[in-house]
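Structure record follows, encoded as structure tokens.
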Amino acid sequence: MKSLLLIIVLFVMTLVMDLSAKTMSMFTYKRLQKVETLIADNEYKQAEGKLNEILKNLPESPVDKAYIFYTTGMFHLQRNHFKEAKQYLVSSYELDSFPEKTTLYVVQTLAGLSMQEESYDEAVVYYQNYLKLAKEPNKNIYLGLGTAYYYEKEYQKATAILQEAIPLFKPNESMYLMLFSSYYELEELDEALVTLKKMVQLWPKKQKYWMQLASLQYETRRLDEAITTLGKMVQLWPEKQDYWMQLTSIHLEREEYQISLKILRTALAHKKLQEKDRLEKRILNVLQTLGGLSMQEENYKDAISYYQEYLQRTTEPNKDVYLGLGTAYYYQKQYKQAITTLEKATKLLPPHEPIYQILFTSYYELKQLKQAIETMEKIVELWPKKQAYWLQLSSLYYEAQQMDQAIATLEKMVQRWPDKQEYWLQLSSIHIERLEYQKALKTLQQALAHKKLQKKDELKEQILYVLQVLAELRMEEKRFEEAIGYYEAYLKRAKKPNRDIYIGLGTAYYSHKAYKKAVTMLTKTVRQFQPEEAVYLMLFSSHYELKQWNWAIRTLETMIRLWPNQPEYWLHLSSTYIERQQYKKSLEILQAAWTKNYLVQEDDLLQYVYTLYELQLPYKAAIVMQEALEQNIVEANQENYEFLAKMYWEAKEREQAVEALEQASTYSTNGNNDLYLAQLYLEMEKDYEKVIEHAKRATEKGVEQEGNANLFIGAAYSELGQIEQAKQYLIKASKYQETQEESSQWLQSLQ
């Protein structure tokens with residue numbers, strides 16, 4: 001393909017030169033022919049060199065210049081050097097020395113290059129110039145001009161030029177497509193529709209145009225037209241599942257469910273249709289919808305029919321369909337069929353509350369009390385927080401004269417919902433009915449005690465217990481604000497609150513981010529009761545959140561005295577000192593932690609190293625870092641070894657710094673460390689072989705300062721007395737701006 005393009009380009013160039021041989025000098029003509037020959041032989045570098053020679057010594061003749069620029073531009077175009085190609089072609093065009101045919105070719109090429117650069121305003125000018133010069137219309141020019149207008153968002157001009165062009169040529173698909181797009185951007189949707197309809201007529205086998213037509217008809221709410229278009233599409237391409245889906249979607253949108261169902265059945269019956277999964281799902285959705293609508297209309301027979309067809313079509317159970325079918329049977333008073341359907345559903349599906357409700361009601365309607373009770377027991381087991389089910393279960397037990405079960409159920413109910421007076425009354429009523437007066441009295445006393453819980457002095461302890469339980473439950477549920485309310489209510493009533501209340505309230509304040517109140521409560525706790533780590537930790541955190549640094553530090557110091565073997569407290573204290581910029585105190589703590597072997601984590605030990613470094617103790621920091629690296633506490637990597645080298649260097653320990661940097665270079669993927677090592681060895685005036693080794697390794701890995709690398713190698717060879725090798729690398733270094741001067745001085749010294 002590339003060779004073919006080259007032949008075409010060379011043919012055009014030769015043709016133009018032959019046609020213009022009378023006006024172009026033979027000297028220039030022959031020089032350009034040599035260039036053509038080199039291009040044909042794929043000798044691009046030599047061709048470019050020849051062209052550059054010609055360009056340096058341009059002839060006076062405008063014609064010769066024009067063809068030289070033209071040939072150079074076409075060469076760069078063939079090489080995909082579009083910027084250079086455009087530059088030279090513009091120069092050739094501006095000389096206005098070509099015959100008409102060549103001028104048109106150049107203008108068309110410049111327009112195309114402008115389009116590629118997205119310089120659409122320039123492209124418009126070139127296309128317009130072409131139309132002014134050309135005697136015969138060119139569809140590509142019209143299409144290019146329309147496209148340029150389109151990308152410039154001048155859609156009116158785009159439609160105007162394309163409307164002008166379309167009658168001049170045989171139907172051109174690209175023109176119609178651009179015309180449609182322009183109308184659409186102008187929101188002239190009627191014209192866009194007309195264009196699409198024409199495109200469908202001209203290219204009836206192009207499905208995408210049918211699809212665009214149907215979509216635009218839908219967008220403009222011409223739903224009847226969209227239905228007609230999609231109807232033709234499913235006739236033309238019945239194997240396309242999407243077209244059937246879209247056709248039914250419109251009918252569904254119009255709530256024409258019966259029509260949708262008919263279309264879906266037709267589609268599924270079609271032999272050519274290969275993929276049916278989505279259509280099957282759609283028909284299931286329609287059947288379910290029709291079933292639901294029939295239920296709303298109380299047309300239960302039709303509902304049963306739709307739901308039954310749904311279940312026949314799929315093996316995947318649907319809780320709503322089973323529920324709908326069971327409910328339809330129920331309203332038809334076909335309780336046995338309802339039970340059969342819903343029992344099957346309970347085996348196939350996860351527990352679904354409405355299914356169990358209808359199942360229970362069906363048993364009850366058939367007066368199958370045993371099965372009704374068993375169903376309600378299952379319901380209570382599955383949804384134990386629903387009070388209505390417990391109440392219904394107790395009523396069923398009562399109706400079946402199962403009094404022990406009724407009492408046991410009500411006792412559970414008053415435990416769950418002690419604020420419900422009616423449950424207490426029903427429980428006591430059953431005891432009275434069974435002549436169990438003492439039990440009834442006890443139940444009523446409990447009920448009365450609950451109602452007057454806040455007024456009875458003798459029951460204050462029970463109130464306090466309830467408040468504490470409620471508070472603890474709310475804490476477990478993370479409902480901290482409510483827990484605070486219960487704890488505070490407890491403190492108002494209690495003469496001597498226990499430790500758990502203080503800790504609980506302090507914890508609730510802390511969890512609710514009420515840090516000031518947390519500090520107050522937790523401080524009382526540590527003063528009145530035995531020290532507890534969790535309390536002190538919350539107290540410290542509260543001071544910390546409030547930025548009460550001195551109190552936070554005091555708390556941590558107390559914690560270290562009480563629990564000296566907890567490493568995290570030492571580290572917390574060190575970090576807090578650092579935040580207060582009290583580096584010396586932080587260092588004291590870290591040194592103590594280091595002595596106690598508490599700094600066993602990388603981050604903790606690095607904190608110690610950084611603190612030493614910040615306090616201008618680079619040698620000690622380096623020693624600690626070196627030991628940590630050797631003990632594998634700190635990861636051996638480029639960054640850590642570079643930091644170690646930096647600390648040794650600042651401590652004036654040159655040998656150790658170089659050794660650390662050597663380690664860093666083994667981990668680095670670029671040559672920066674090796675280049676730095678080469679520089680250090682050179683500055684230290686020793687081991688010039690190391691200079692050469694690291695500088696070469698730096699260039700192998702890749703560095704930006706490659707000139708420096710060559711300079712170091714040259715200098716090292718010079719010091720070793722290997723003058724020829726030194727010159728070789730110094731010459732390389734002289735080619736870089738940053739090392740040009742220094743390398744030149746070295747070279748002069750070697751002369």
Side-chain angles (χ1 to χ4, degrees), residues 234 238 241-368 370-372 374-376 378-379 382-383:
V234 297
Q241 183 176 201
D242 286 344
Y243 301 162
W244 293 99
M245 291 287 289
Q246 291 174 30
L247 180 57
T248 57
S249 293
I250 296 176
H251 285 297
L252 288 172
E253 184 178 331
R254 291 165 59 146
E255 298 185 357
E256 297 169 351
Y257 300 107
Q258 293 289 353
I259 296 174
S260 297
L261 186 60
K262 182 179 179 181
I263 291 169
L264 288 165
R265 285 171 173 164
T266 303
L268 289 168
H270 214 287
K271 294 181 179 180
K272 290 185 178 181
L273 190 67
Q274 296 178 353
E275 298 179 5
K276 300 184 179 183
D277 292 345
R278 291 170 61 204
L279 288 170
E280 286 286 1
K281 290 180 180 178
R282 174 63 59 82
I283 202 169
L284 291 174
N285 289 337
V286 173
L287 287 168
Q288 185 175 350
T289 301
L290 285 168
L293 290 171
S294 299
M295 290 294 288
Q296 290 177 13
E297 297 166 357
E298 298 184 5
N299 187 351
Y300 303 120
K301 287 185 179 180
D302 284 351
I304 289 169
S305 176
Y306 290 127
Y307 287 134
Q308 285 178 336
E309 183 180 349
Y310 182 105
L311 293 173
Q312 289 168 1
R313 283 183 170 273
T314 181
T315 57
E316 296 182 8
N318 181 314
K319 64 179 184 299
D320 295 322
V321 172
Y322 275 109
L323 175 61
L325 181 56
T327 305
Y329 280 134
Y330 175 82
Y331 285 127
Q332 285 288 93
K333 297 186 178 181
Q334 298 178 20
Y335 302 121
K336 289 184 179 180
Q337 291 91 329
I339 289 169
T340 301
T341 300
L342 297 170
E343 284 284 9
K344 184 177 181 181
T346 60
K347 294 175 182 177
L348 295 174
L349 293 160
H352 185 54
E353 195 172 348
I355 287 177
Y356 277 91
Q357 288 175 335
I358 298 296
L359 180 61
F360 158 72
T361 309
S362 298
Y363 277 127
Y364 194 81
E365 291 291 342
L366 287 173
K367 298 183 179 180
Q368 296 179 5
K370 179 182 177 183
Q371 290 84 347
E374 289 174 355
T375 304
M376 188 52 64
K378 185 66 175 178
I379 290 172
L382 291 170
W383 297 280

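Only a predicted model underlies this, so the values are computations on that prediction, with no experimental measurement involved.
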With rounding to the nearest 0.5 Å, note down the distance linking [atom1] in [X] to [atom2] in [Y].
{"X": "I339", "Y": "T375", "atom1": "CD1", "atom2": "OG1", "value": "8.0 Å"}
{"X": "T361", "Y": "L366", "atom1": "OG1", "atom2": "CG", "value": "11.0 Å"}
{"X": "Q337", "Y": "L325", "atom1": "CD", "atom2": "CG", "value": "9.5 Å"}
{"X": "Y356", "Y": "L382", "atom1": "OH", "atom2": "CG", "value": "5.5 Å"}
{"X": "K378", "Y": "M376", "atom1": "NZ", "atom2": "CE", "value": "13.5 Å"}
{"X": "E298", "Y": "Q296", "atom1": "CD", "atom2": "CD", "value": "10.5 Å"}

- Kindly determine whether W383 and I379 satisfy side chain to side chain contact (heavy atoms under 4.5 Å, CB included), including the steps that lead there. CA-CA 6 Å; W383 297 280; I379 290 172; 3.9 Å; yes

- Y329 versus Y335: any side-chain heavy-atom pair under 4.5 Å? no

- Task: Mind telling me whether Y331 and Y300 have parallel, tilted or perpendicular rings, with 30° and 60° as the class edges?
- Result: parallel

- Query: Pairs in or reaching into residues 317-328: which pass side chain to side chain donor-acceptor pair (under 3.5 Å), with residues at least two apart or in two chains?
  - Reply: Q288-N318, Y310-N318

- Contacts of R265 that satisfy salt bridge (Lys or Arg N to Asp or Glu O under 4.0 Å) - sequence neighbours left out: E309

Side-chain donor-acceptor distances from residues 343-354 under 3.5 Å, at least two apart:
from, atom 1, to, atom 2, distance (Å)
E343, OE2, Y363, OH, 2.6
T346, OG1, E343, O, 2.6
E353, OE1, K386, NZ, 3.2
E353, OE2, K386, NZ, 2.8
E353, OE2, Y389, OH, 2.4

- Message: Which heavy atom of L359 sits nearest to which heavy atom of L342, and what is that distance?
- Response: N-CD1, 3.6 Å

- Item | Closest non-hydrogen atom pair between A328 and I304, with its separation | CB-CG1, 3.6 Å

- Message: For the OH atom on Y364, are there more than 12 heavy atoms of other groups (residues, nucleotides or ligands in this structure) within a distance under 6.0 Å?
- Response: no

